[in-house]
Q: 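Structure incoming, see below.
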Amino acid sequence: MENRLKEHRARLGINQADMGKRAGVSRQTISLIERGDYSPSVSLALKLAKICQVTVEDIFTYTEEGEENE
């Protein structure tokens with residue numbers, strides 16, 4: 001899964017700690033998501049999208065292994 005969370009967070013002008021507070025998770029969790037080392041739960045993905053005022057699909061893109069991005 002790829003994501004654009006860092007871009008959306010930067011657009012809002014908030015750091016990882018602030019994003020974590022708003023989403024109810026740690027700064028480390030936000031960092032792991034942004035690096036692609038952690039896939040958030042559906043509820044966390046929805047919270048992040050709501051915070052960023054975009055759809056989940058605007059942040060997260062799922063591709064099968066070996067599949068090219070569109």
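Along the sequence shown, residues carry numbers from 1.
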Q: May I ask you to test the Ile33-Phe60 pair for a side-chain heavy-atom distance under 4.5 Å?
A: yes
Q: Under 3.5 Å, side chain of Arg11 to main-chain N/O of Cys52, donor-acceptor pair present?
A: yes
Q: Looking only at heavy atoms, what is the nearest atom pair of Leu44 and Ala23, with distance?
A: CD1-CB, 3.9 Å
Q: Scan for salt bridge (Lys or Arg N to Asp or Glu O under 4.0 Å) pairs involving residues 30-48, sequence neighbours excluded, and state none if there are none.
A: Arg9-Glu34, Arg35-Asp37
Q: Answer yes or no: is there a side-chain heavy-atom contact under 4.5 Å between Leu48 and His8?
A: no
Q: side-chain hydrogen bond (donor to acceptor under 3.5 Å, both in side chains) with Asp18: which residues, sequence neighbours excluded?
A: none
Q: Using the rule given for side-chain contact (heavy atoms from CB on, under 4.5 Å), can you reason through Ile30 versus Asn15, listing the C-alpha separation, both sets of side-chain angles and the distance that settles it, and then say yes or no?
A: CA-CA 10 Å; Ile30 299 301; Asn15 62 30; over 6 Å; no
Q: Quick check on the hydrophobic clustering: are Leu5 and Tyr62 connected, directly or via other members, by side-chain heavy-atom contacts under 4.5 Å?
A: no
Q: To the nearest 0.5 Å, tell me how far Arg4 CZ sits from Ile59 CD1.
A: 9.0 Å
Q: Could you check whether any side-chain heavy atom of Gln16 comes within less than 4.5 Å of a side-chain heavy atom of Ser26, counting everything from C-beta outward?
A: no
Q: Mind checking what makes side-chain contact (heavy atoms from CB on, under 4.5 Å) contact with Ser39, not counting sequence neighbours?
A: Met1
Q: When rounded to the nearest 0.5 angstrom, what distance separates OG1 in Thr55 from NZ in Lys50?
A: 14.5 Å
Q: Which value, rounded to the nearest 0.5 Å, describes the distance between Glu57 atom CD and Thr61 atom OG1?
A: 9.0 Å
Q: Would you mind reporting whether Val25 and Met19 have side-chain heavy atoms less than 4.5 Å apart?
A: no
